[in-house]
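Letters go in sequence order (proteins before strands), and every chain restarts at 1.
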2 protein chains.
Amino acid sequence: MEAKDSKKIFGWSGPAAGAAIFRIIKEIGPLSRTEIVKQTGLSKSTVSVHTKKLLEMGLIKKEKEKTDKAGSVGRNRQLLKFAKNNGYIIAIDLGATGLNVALCNLDAEIIEMKVSDILVNSGPKKVMNKIDQLIKELLESNQLEQKKIFGIGMGVPGPVEFSKGLPVSPPIMPGWHLSPLKQILQEKYKCPAFIDNDVNVMAVGEKHAGLAQDVSNFIFIKIGTGIGAGIICEDKLYRGSKGCAGDIGHIGIEGEEELCPCGNRGCLEIVAAGPAIAKKAKAAAKNRESEILLKILNKKGDLTAKDVGEAVRRNDLAAINIVKNSGQKIGQVASRLVNFYNPSLIIIGGGVAKIGNHLISAIKEEVLRRSTSLAVQDLRIELSQKNDEIAVIGAAAMAVNEIYSHDNVTEMMYLDGSSK
Amino acid sequence: MEAKDSKKIFGWSGPAAGAAIFRIIKEIGPLSRTEIVKQTGLSKSTVSVHTKKLLEMGLIKKEKEKTDKAGSVGRNRQLLKFAKNNGYIIAIDLGATGLNVALCNLDAEIIEMKVSDILVNSGPKKVMNKIDQLIKELLESNQLEQKKIFGIGMGVPGPVEFSKGLPVSPPIMPGWHLSPLKQILQEKYKCPAFIDNDVNVMAVGEKHAGLAQDVSNFIFIKIGTGIGAGIICEDKLYRGSKGCAGDIGHIGIEGEEELCPCGNRGCLEIVAAGPAIAKKAKAAAKNRESEILLKILNKKGDLTAKDVGEAVRRNDLAAINIVKNSGQKIGQVASRLVNFYNPSLIIIGGGVAKIGNHLISAIKEEVLRRSTSLAVQDLRIELSQKNDEIAVIGAAAMAVNEIYSHDNVTEMMYLDGSSK
DNA sequence: ACTAATTTGTTTGACTTTCGAACAAATATT
DNA sequence: AATATTTGTTCGAAAGTCAAACAAATTAGT
């Protein structure tokens, strides 16, 4: 069923009208047949034939209400839309200190999400067992058979060789190196599985259902324990030649000397990410620069970036300065990316993004100051609006994109009739 | 003849097998029909029919000698190749202080090149007249009628709105702002014309006929009067959302304070490009740090980056240090791009690239030191091998790519029979 | 030389996909 | 109820593709 290798290079995937019609319905639907004719340039008859087949196959469905029409007179149009509830996707967002597993529909909408606080460094065996358990719970509570799961998408906090679904030397995932996650999931659930870096997955999420839905070129920056970026280029995820594009956490900041576990000094993430903020806050507390921080430190015995966020919310000057300082450093790096990549949007997400507006305004200020005027002309810099779910949404969207790729749909429609 | 707007979004450009066959012949030809069958997955009959049509249309031709065959027995294969001499392209490379106009074939090979030292700041009228004159000379000396010119490609030293072919506020091209170059050329020569930034054009040249032919993701860095980069992403030129991607000359270098005409301080190009090298060389000469430089300065009354190159070749320590210093700064910026973009190749070109090996080795050293190990794992950094022609080649290749785009070829083959 | 085997490329007839035009359906206006 | 208008389907023709048969060119082996 797999196409020949050569096809991937100079592909001829068979007649493509059917797949084009499906794609347009999925992406800008609901649409009437007449509207599809206008959009694609195909003939009425072709659209009619293919929509009929797509309806039979269950890939699309009719909008229930016969809604408004275009003109004032004439027959009502019959809107067609993607059959997003025809199957389900399991989406997994594995973080350093937490695990989200969600049941999603085929439009990557979350139906139910399970949250666990398992640690990634407890190793793949334990974590994969937990995932297994959560999936079972999700299937049960929604009374779904396994065969209704069309695919699995997963984001992990480290570099991944995407095609094979293998983590490669992930710094914060000891024991996961080359663990065959894709294979494990595929064999257990008898469906395709796709694994990628968490930041990539989040970028895909923003493209699919977040702030970037109408944006072709943007950068998603995640600020958490580390700092990383996901790059969308001409509407598609860009992974780079070795799959490590967007690894901006280890860009050096001039004048910073702190040693990073990576071996270099002054890396962005070691001086500006969550732990750096916490560390500076502790110093500020001990130096009595901030009453609030000191109080929290004394009470809990430790300080986290979250606590700094709390202090910021209470207008603590020291905390605000710490956050601003991080923002400036991130903005410094971002400004260079803007000159080079000229995106029309930068989205800031990750745990530390919740720390308050001072972070993003410092980033903005720095980017506006340092980037060329043409590059910032239509640039927006915004906070992720679905920070807690975007990774799960993205993992599901990634799986859906792969499953309903143009070639796959062509194959479904023309080569055999038996969908799934 | 132009497709509807909507088609550009969810295009159905008609049956595509013919165009796929053409493309594979053009890009990895010469090929026999049997080899095309293997590569594309199409049937023998389809390939036979379409190659026949392509031959009739003159888009491809038979290899003259019946060459070697695959196995030891059996009929000889008939190799088919792109008919690269079926028409011609005019390629124009406009630089700050020079103008190259070349007659190229459809594979962007230079047939004859005219060089002029006209200054870009003498304005569009004068320059366009000169271009006109050179084209006329080229056509005459090669006894070509105008209708044999299938298209025109042009690179200019400043930002361009590609789709309209308009320079937008180009800093070193006073008087060219919004000058309708595309329109002028199209009307005068009755063929499509394409205008882009010179660095973009050079990147396309390296992809088509230079060091990057087999590379999908790379960056071309031009070091001359300014510094800019051309980005190839998944085999295609990436222009960014406002068309100014790759504008790395105005990335700030920490600790540098020199004021740039752009308004910021310490921009890469103001501290590391050709003029900066010349300026430092003058200072070194005056401070008697270098005998050689002083001698040249006294003789010519001025020093250029080229003179520094000469001094480097004569092992002048001061000159070498100046060059190394520039290389380090460029390498510092490049290392960040490597982390972010993860290319598999960086090509260094432009006038200053000729200054000798110290420049590129300094860049390499800096990138290897500062970038993550995964990102530099298979990274090559190389000097452009066709520095003087690559812009012209790229301008021609850009035009050819547009003229023979998949959709255009499909249209030629299926919609009417009349090519051109 | 002649035959067999092998590889390349073409032709043929059947099948599939697409289109244009005629037709059918649904709705507003008169 | 008749008419105009818009939406969607059906049908026969045209175009594109394929598998299989056929033709051509070449080597190897008698």
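Taking the charged nitrogens against the carboxylate oxygens, B:D107 and B:K26 have no contact shorter than 4.0 Å, which rules out a salt bridge.
In this structure, B:Q78 places its CD atom 16 Å from C1' of D:dA23, rounding to the nearest Å. Going from atom CD1 of A:I36 over to atom P of D:dT9 covers 10 Å, rounded to whole Å. In this structure, the CG atom of A:L42 is 15 Å from the P atom of D:dG8, given to the nearest Å. The separation between A:E411 atom CD and C:dT16 atom P is 18 Å, rounded to whole Å.
Applying the 4.0 Å criterion to OP1 and OP2 of C:dT27, one finds that A:N76 has a side-chain N or O inside that range. Between D:dT6 and A:R77, no contact under 4.0 Å exists linking OP1 or OP2 to a side-chain N or O. Distances shown here put every side-chain N or O of A:T46 at or beyond 4.0 Å from the OP1 or OP2 atom of C:dT17. Phosphate proximity of C:dT11 to B:S48: absent, as no side-chain N or O sits under 4.0 Å from OP1 or OP2. Residue A:K44 places no side-chain N or O under 4.0 Å from the OP1 or OP2 atom of C:dA21. In this structure, B:K52 does not reach the C:dG9 phosphate: none of its side-chain N or O atoms is under 4.0 Å from OP1 or OP2. Put simply, B:S32 has a side-chain N or O that comes within less than 4.0 Å of OP1 or OP2 on C:dG9. For the pair B:H50 and D:dG16, the criterion of a side-chain N or O lying under 4.0 Å from OP1 or OP2 is not met.
One donor-acceptor pair, N or O on each side, does fall under 3.5 Å between the base of C:dG20 and the side chain of A:S45. Scanning atom types as modelled, no donor and acceptor separated by under 3.5 angstrom connect the side chain of B:R75 and the base of C:dT7.
A cation-pi geometry, defined here as NZ or CZ lying under 6.0 Å from the six-membered ring centre and within 45° of its normal, does not hold between A:K148 and A:Y88.
Judged purely by atom type and a 3.5 angstrom limit, B:T51 uses its side chain to pair as donor or acceptor with the backbone of B:V47.
Below 30°, between 30° and 60°, or above 60°: for B:F162 and B:F194 the angle between ring planes is below 30°, a parallel geometry.
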